[in-house]
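Okay, so here's the structure we're looking at.
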Amino acid sequence: MPAPDYTRSRAYRAAACTHLPFGVSSTPRGRQTPVPVVIEDAQGVHLTDLDGNRYIDFTLGYGPLLLGHTPDCVLAAVSREMARGLRTATVHRGEAALADLLADCVPTAEQTAFVTTGTEAVQLALRIARAATGRLKIAKFRANYHGWIDNLHIAGAPDNDGPSTIGQDPAASADVVLFDWGDAAQMASLDSSFAAVILEPAAINPGCFAPPPGFLEAVRIATREHGIVLIFDEVITGFRLGLGGAQQRYGVLPDLTVLGKVLGGGLPIGAVAGRRDIMHDVASGRLLHRGTFNGNPLSLAAGFAAVSHLRIHAETLYPRLDAMAADLCAHVNTQAARTGIPACAQAVGSAVQLFVGTKGLTCIGDLTQVDRAATGRLTDALLQRGIYTLPRGLMYLGTPHDDADMATTRQALSEALETLRTPPTRQGP
């Protein structure tokens, strides 16, 4: 098939790199090949780039846009709020309104503190845990992502326990102890020197791994035994795996929950929600919780509208999304088995991960079997067929995806998998 024309996106990138480092505002966006496409318009789950190419979007803003790019309820709420003035850094009624709504939806959200990003929310949660326990040590799991700050931006892959990028301060993670996600037996190593255990309850970032049976329960038992604060990082899973997130889906309750992404309806937001006793130091004012844009009226209005919509439609919305994701996985796995191509897909809720180089993974450690370059070739082939995914093979489904979108996507996946039969073109001499 003829390759789409990316002339204008290429020209934009060349010009953007003059004064914009790497030509983007977040490094991963600049790694899309053959070029980071420049999106000019988004309606529902359909994108149009600078060259007029159209795509079905499965990135959905790296996950937040569960309701798509143009949900009527969110756009109307933001429009009403803007008419009242920006009111940045003021006290306004939207703060308590969204906190009250979260208390109705998230099992452990007795109180909620708002920030602007998921990374900030993680850092606030750690500070709350250290204040509550008087301890410093933090337990983190390999290949779980908790933001880009030096202390936790480590062990991003199962074969690398070090910093995730150059320029990090290695001393920042001196109090962080690493564990293997999914290994319940390792919880015996926890003791009363730890302030907190933080983890993705379902590991979406590494590749859509559901927690093994008994794992979350073992973490909960061990943390409770030693008075350790258990933090679920539900920035991705919150409101995506269900109205009450992963904690509701799997029936294990943390002490603190970190939220973001879907919570903002597409606008920037982060939050820490928890039991009233754990949040005591924030509530008393002793623990400083700062930020000019915390509780931004526009973000909270968008969040209230999005969560309200999800609460009303939860009984039908989530089963439908889960079924669509399972259908995509079944299609990929069936096609790969039929053709003998070493590829597979797995899903947790409405998040799907494509892999090339392996016919199946059982744990995060198996990620070393994945051919990342070939996975990139697969997502390149999907892009050329109008399917917009994250280059590493992660796909997020949203409520606007319809039967026609899914049929087109299945066909594109079949064709893209076939391209893997052809060896990649060698570059250079």
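Computed from heavy atoms alone, side chains included, the values below leave out hydrogens, waters and symmetry copies.
By the 6.0 Å and 45° rule, R13 does not stack over the aromatic ring of Y6.
More than 12 heavy atoms of other shown residues, nucleotides or ligands fall within 6.0 angstrom of atom CZ in R377. Counting non-hydrogen atoms of other residues, nucleotides and ligands closer than 6.0 Å to CG of D169 gives a total above 12.
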- [ ] For the pair L263 and V235, evaluate side chain to side chain contact (heavy atoms under 4.5 Å, CB included) and give the outcome as yes or no after the intermediate values.
- [x] CA-CA 8 Å; L263 173 62; V235 168; over 6 Å; no

TODO: Using the side chain to side chain contact (heavy atoms under 4.5 Å, CB included) rule, take T133 and V229 through it: C-alpha gap first, then chi angles, then the decisive distance, then the call.
DONE: CA-CA 8 Å; T133 62; V229 176; 3.8 Å; yes

TODO: List the steps and the verdict of side chain to side chain contact (heavy atoms under 4.5 Å, CB included) for Q186 and F141.
DONE: CA-CA 11 Å; Q186 291 189 7; F141 292 84; 5.7 Å; no

TODO: Check the pair T257 / Q247 against side chain to side chain donor-acceptor pair (under 3.5 Å), numbers first and verdict last.
DONE: CA-CA 9 Å; T257 302; Q247 59 195 262; 2.9 Å; yes

Task: Criterion side chain to side chain contact (heavy atoms under 4.5 Å, CB included) on L256 and I231, from CA distance to verdict - done: CA-CA 5 Å; L256 292 175; I231 305 170; 4.2 Å; yes

TODO: Decide yes or no on side chain to side chain donor-acceptor pair (under 3.5 Å) for E95 and N294, but give the supporting numbers first.
DONE: CA-CA 10 Å; E95 296 171 292; N294 291 355; over 6 Å; no

TODO: Could you walk me through whether D327 and R410 pass salt bridge (charged side-chain N to carboxylate O under 4.0 Å, His left out), step by step?
DONE: CA-CA 9 Å; D327 179 70; R410 287 192 297 270; 2.9 Å; yes

TODO: Mind running salt bridge (charged side-chain N to carboxylate O under 4.0 Å, His left out) on D255 and R220 for me, showing each step along the way?
DONE: CA-CA 9 Å; D255 301 306; R220 178 68 280 184; 3.1 Å; yes

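With respect to the salt-bridge test (charged N to carboxylate O, under 4.0 angstrom), the residues R10 and D51 do not qualify. The pair R249-D322 meets the salt-bridge criterion, with a side-chain N (NZ, NE, NH1 or NH2) lying under 4.0 Å from an Asp/Glu carboxylate O. Taking the charged nitrogens against the carboxylate oxygens, D175 and K137 have no contact shorter than 4.0 Å, which rules out a salt bridge.
Taking each heavy atom of P107 and Q248 in turn, the nearest pair found is CG-CB, 4.3 Å. L390 and T379 make their closest contact through O-CG2, 3.7 Å (heavy atoms, listed as atom of the first residue, atom of the second, distance). Considering all non-hydrogen atoms of both residues, S350 and L321 come closest at CB-CB, 3.8 Å. Of all heavy-atom pairs between A203 and W181, the closest is N-CZ2, 3.7 Å. Contact record, A210 with V348: N-CG2, 3.5 Å, taken as the closest heavy-atom pair. What you find for G265 and A306 is that their closest heavy atoms are CA-CB, 3.8 Å.
With contacts defined as side-chain heavy-atom distances shorter than 4.5 Å, the pair L253/T108 qualifies. Using a 4.5 Å heavy-atom cutoff, the side chains of P28 and R392 are not in contact. Within the 4.5 Å cutoff, side-chain heavy atoms of I138 are placed close to those of R130. A heavy-atom distance below 4.5 Å is found between the side chains of L367 and P206. Residues H289 and V115 are in side-chain contact: their nearest non-hydrogen atoms beyond the backbone lie under 4.5 Å apart. R8 has its side chain out of reach of V38: every pair of non-hydrogen atoms, C-beta onward, lies at least 4.5 Å apart.
Put simply, the side chain of R80 never gets that close to the backbone of A301: no donor and acceptor are under 3.5 Å apart. Remark: the backbone N or O of P170 is paired with a side-chain donor or acceptor of S173 at under 3.5 angstrom. The backbone N or O of F194 lies less than 3.5 Å from a partner atom in the side chain of R135, making a donor-acceptor pair. The main-chain N or O of C208 is found under 3.5 Å from a side-chain atom of Q346 such that the two form a donor-acceptor pair. No donor-acceptor pair closer than 3.5 Å links the side chain of Q43 to the backbone N or O of H69. With hydrogens and angles disregarded, no donor-acceptor distance shorter than 3.5 Å links the side chain of T358 to the backbone of F355. At least one donor-acceptor pair under 3.5 Å links the side chain of E120 to the backbone N or O of T117. Of the possible polar contacts, one joining the N333 side chain to the A345 backbone as a donor-acceptor pair under 3.5 Å is found. Here the side chain of E234 pairs a donor or acceptor atom with the backbone of A246 at under 3.5 angstrom. Looking only at distances, no side-chain donor or acceptor of Y12 sits under 3.5 Å from a matching main-chain atom of G23.
Evaluated for a side-chain hydrogen bond (donor to acceptor under 3.5 Å, both in side chains) with R142, the options D159, N160, D183, D161 yield exactly one hit, D161.
No side-chain donor from either of Q32 and D380 sits under 3.5 Å from a side-chain acceptor of the other. Of the N and O atoms on the side chains of S414 and H331, at least one donor lies less than 3.5 Å from an acceptor on the other residue. Defined by atom type and a distance below 3.5 Å, a donor-acceptor pair is missing between the side-chain atoms of H226 and D191. Side-chain contact check for T339 and E418: no donor-acceptor pair (N or O, by modelled atom type) lies under 3.5 Å. Judged by distance alone, the side chains of H401 and D57 never bring a donor and an acceptor atom under 3.5 Å apart.
With sequence neighbours excluded, the residues forming a ring pair (Phe, Tyr, Trp, His ring centres under 6.0 Å) with H309 are H313, listed by chain and number.
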